[in-house]
Amino acid sequence: MANARVVYWFRTDLRLHDSPALKAALDLNPSVLWPIFTWDPHYVYQARGGVNRWQYLLDCQNDLSESIQKLNPKSKLFVLREAPQTLFPKLFKAWSVTHLVFEKDTDAYAQERDRVIIDLAKKAGVEVITRFGRTLWDSDEVVAQNGGKPTMSISQLQSAGRKVGEIPRPIEAPKSLPDPGEMPVEFDHEIPDVGPDLNGPLRSDGKDDKSYAYNIAGPKGDFAIETLEELGFPLATTPHRGGETLALKRLDEILSDEDYTATFRKPQTSPAAFEPVSTTLLSPYLHFGALSPRLFYWRVQDVISKRKDASSPPESLTGQLLFRDMYFAAQAAVGPSFTQTVDNPYVRFVPWHLPTLPDPSSEHERTYHIDNSEAETWFQRYKLGVTGFPWIDALMRQLRHEGWIHHLGRHALACFLTRGGCYIHWERGAEVFAELLLDHEPACNAGNWQWLSCTAFFSQYYRCYSPVSFGRKWDPEGKLIRKWVPELAKLDKKYIYEPWKADKQALKKAGVRIEGDGLGETEEGTYPEPMFDFNERRGKCIAGMKKAYQVGLKGDDEKVKDGTWAELFKGDPEAEVQDRGDEDEDEDEDDDGAHADDAEHGAHRGKKRGKEKQGPMDKFVKKQKK
DNA sequence: ACCGCAGTTGATACG
DNA sequence: TCGTATCAACTGCGG
């Protein structure tokens, strides 16, 4: 088809190596090919994403653009600053497009968007070609081979995968690219109705978002890649940088250490290691498509097949890719409800604190019900890394600053927030990770939170990570804590995981005082008190989980939605703290709560609610709710 | 229907 | 410092 005029739409496949969709585009032998990226208001405004991830995306875009230019100096990654839903109909016409090619996406929003785009293309007489390249196997095919059911275990994924067929071998990067055609954009620039700007708080100048202040081709009319400044964001803090070139270099480095590659066992890599980290750090590249999972898989496979002592899935390197596929295929089968409890038949209902509001108004950000002010305070302390448990705080601060922590560190944080400490809904934790992780993948994130909260995939809730001994096992000196919680840098290793036990002398020597809750203004040279007695909390959590397992509700149960689940949890202390239903409740509207002696607030305050401490958190809640 | 067993990665006490 | 038994007992799978 020598006269094909092809738009190649890059989305989550920011690479040239092993791209089945790009190959399909080039197989058309087009006379003209435009490599483009569109601005999507959903991602700019409505999907909360930290500055670190924005920078990583820009890195990937810039690297891809340079690689394209090397193949054809006339070409590059052309960024069009308009929503694809309004842009494409105009583009199809103005550029006389014959084909639109892109890699299939699996996430809920992306699927909905792509259905619209495919429909628009059809109306414009443009042929749409899609290929799957985001996972080892096409998730829809895996689901079909798994009897239409979500893959809930690695063995299910493996057996379904075997039926789908051999994982495709990687495809070479193109050696040349056609010229882009003319790119007239003399049509109206539609500014979308963006709705709530969830990323507003991240922007340097808040209200003054300049994202759409330029024309479709950017401030210089050259389709340049946006900058953090243009998006209104401050500088990123992460040291991790994106782009296919770096991804392939990093992969080469890993593979050059044959022993590491062949004997990799995930549970035995340290969550406390930094400089160098103990795992590959390739997940953010996978997320942005700068690295193809199949390329990764086969490069590893080719190294380890020579060795008899190689580790095997699920612990091995390739096993990590299988977990990713498992979550993608599970999401493909369950659908949009996969990332939540409500309507999800595969996730267990547990009466966690801070549950998602049953019917959030569409005009507002999805928010949650504050059933318990103590839990809300715990959650705020957790998010800021001031829980008073140094291991937890170090991990959270590393996550916030670098956008990446080791998988076992994520376990520790997830267990602590949910079934092993705070008894707060896993969806709250998933939202924190969704914002902060460079490698945030909705399916993997939700799946891992379900796993760690023992609501799906995993069920041994009595195995509980201790915020003290688990960290100490990996890092007895407390190096990770010393790096990320500098207040405690000089504390003796005897107390580094539990500074509240340190005697006056040790604290004085370390130059730190243990006081306060870490919120609001904190004094120099202080570190907060632990927000609860962990062993006491662990006991309550396990008892609560036991009850929830006995009750056995799943997310799609009517009782979950209509609130009658509460009757089934009578006698469960953790659930009764929720205090739902009767009387005045509505804590989130409670903006002028009077002061109460906080010390008396145990876990069982029963009905004596409504008079909560007015702290900095109340402000936060109001702001969040708008 | 029943039983036994495995399940990516625990904590603790003890020798 | 290490290996090992015990803890208290879940689900899903396969025979």
Side-chain angles (χ1 to χ4, degrees), chain A residues 146-147 149-162 263-273 277-280 283 300 304 310-327 330 333 344-350 389 391-392 395 405-421 444 447-477 493 497-498 533-555:
Chain A
N146 197 46
K149 292 197 175 115
T151 44
M152 299 305 283
S153 72
I154 279 294
S155 55
Q156 284 181 2
L157 185 271
Q158 282 173 305
S159 96
R162 272 191 290 271
T263 63
F264 183 92
R265 296 181 70 188
K266 186 66 163 278
Q268 291 175 25
T269 57
S270 171
V277 297
S278 62
T279 48
T280 66
S283 53
V300 172
I304 68 172
S311 55
S312 47
E315 295 184 335
S316 65
L317 270 185
T318 53
Q320 308 316 300
L321 291 169
L322 294 177
F323 274 109
R324 186 171 172 274
D325 262 54
M326 178 184 83
Y327 290 132
N344 185 341
Y346 293 88
V347 67
R348 207 168 272 282
F349 172 79
V350 177
F389 293 94
W391 169 246
I392 298 298
L395 289 167
I405 52 174
H406 186 277
H407 191 61
L408 290 179
R410 301 179 195 195
H411 280 209
L413 285 183
C415 184
F416 183 84
L417 185 75
T418 57
R419 67 182 170 86
C444 299
N448 277 318
W449 275 92
Q450 289 166 20
W451 185 300
L452 264 300
S453 62
C454 289
T455 49
F457 297 100
F458 184 72
S459 51
Q460 287 172 268
Y461 54 77
Y462 46 86
R463 287 188 184 175
C464 189
Y465 291 85
S466 156
V468 174
S469 34
F470 182 68
R472 191 179 278 161
K473 184 173 91 182
W474 291 104
D475 180 15
E477 304 290 325
K493 72 171 179 180
Y497 284 90
E498 29 193 359
D533 178 318
F534 173 72
N535 286 325
E536 186 194 319
R537 289 298 309 163
R538 170 163 57 187
K540 285 182 178 156
C541 285
I542 289 175
M545 291 301 290
K546 187 176 174 181
K547 180 73 182 173
Y549 268 71
Q550 277 168 3
V551 170
L553 289 179
K554 293 290 173 66

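Residue numbers start from 1 in every chain, and the chains themselves are labelled A, B, ... in the order their sequence lines are given, proteins ahead of strands. Values below: all heavy atoms of this structure, side chains included; hydrogens, waters and symmetry mates excluded.
- The aromatic rings of A/Phe416 and A/Phe534 sit parallel, their planes meeting at an angle under 30°, below the 60° perpendicular limit.
- For the pair A/Phe323 and B/dT8, the ring geometry qualifies as stacking, because the centroid separation is below 5.5 Å while the planes lie within an angle under 30°.
- Side-chain proximity of A/Arg538 to the nucleotides B/dT8, B/dG7, B/dT12 is greatest for B/dT12.
- Note on A/Tyr462: a base of the nucleic acid sits closer than 4.0 angstrom, heavy atoms only.
- With hydrogens and angles disregarded, no donor-acceptor distance shorter than 3.5 Å links the side chain of A/Asp475 to the backbone of A/Gly471.
- Counting heavy atoms from C-beta outward, A/Lys554 and A/Pro345 have side chains that stay 4.5 Å or more apart.
- Note: CZ (A/Phe264) to C1' (B/dT9) measures 11 Å, nearest angstrom.
- For C/dA9 and B/dC5, the C1' atoms lie 14 Å apart once the distance is rounded to whole Å.
- Between B/dT12 and A/Ser469, a contact under 4.0 Å exists linking OP1 or OP2 to a side-chain N or O.
- Taking atom CE of A/Met545 as the reference point, atom P of C/dT11 lies 11 Å away to the nearest angstrom.
- In this entry the distance linking CH2 of A/Trp474 with P of C/dT1 reads 16 Å, nearest Å.
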Next on the checklist: Assess the residue pair A/Ser469 and A/Lys473 against the criterion (side chain to side chain contact (heavy atoms under 4.5 Å, CB included)); give the C-alpha distance rounded to whole Å, side-chain angles, the decisive distance to 0.1 Å, and a yes or no.
Outcome noted: CA-CA 6 Å; A/Ser469 34; A/Lys473 184 173 91 182; over 6 Å; no

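- Within 4.0 Å (heavy atoms only), A/Gln550 reaches no atom of the nucleic acid at all.
- Using a 4.0 Å heavy-atom distance criterion, A/Arg348 is classed as a sugar-phosphate-only contact.
- Atom C1' of B/dA1 sits at a distance of 15 Å from the matching atom of C/dC13, rounded to the whole Å.
- Between the CG atom of A/Leu317 and the C1' atom of B/dT9 there is a distance of 15 Å, given to the nearest Å.
- Base pairing of B/dA11: its partner is C/dT6, meeting the Watson-Crick or G-U wobble criterion (both donor-acceptor distances under 3.5 Å).
- Across the protein-nucleic acid pair, A/Phe416 atom CZ and B/dA11 atom P stand 14 Å apart, rounded to whole Å.
- Look at A/Lys546 and you'll find a side-chain N or O under 4.0 angstrom from OP1 or OP2 of C/dA9.
- Looking at A/Ser311, its side chain does come within 3.5 Å of a backbone N or O of A/Phe264 through a donor-acceptor pair.
- For A/Lys473, taking side-chain heavy atoms from C-beta onward, the closest of the listed nucleotides B/dT8, B/dA11, B/dG7 is B/dA11.
- Both distances falling under 3.5 Å, in either a Watson-Crick or a G-U wobble arrangement, place C/dT11 opposite B/dA6.
- Ring planes of A/Phe323 and A/Trp451: perpendicular class, angle over 60° (limits at 30 and 60°).
- Going from atom CZ of A/Phe458 over to atom C1' of C/dG12 covers 13 Å, rounded to whole Å.
- Atom-to-atom, CH2 of A/Trp451 to C1' of C/dT11 comes out at 12 Å; the value is rounded to the nearest Å.
- Ranked by how close their nearest DNA chain C nucleotide is to the 5' end, A/Arg463 and A/Lys554 are led by A/Arg463.
- In this model, the phosphate group of C/dA8 is not approached by any side-chain N or O of A/Gln460 to a distance below 4.0 Å at OP1 or OP2.
- Taking the P atom of each, C/dA8 and B/dC3 are spaced 23 Å apart, rounded to whole Å.
- Atom P of nucleotide B/dT9 and atom CD1 of A/Ile154 are separated by 12 Å, given to the nearest angstrom.
- Across the P atoms, C/dG3 and B/dT8 are found 23 Å apart, a figure rounded to whole Å.
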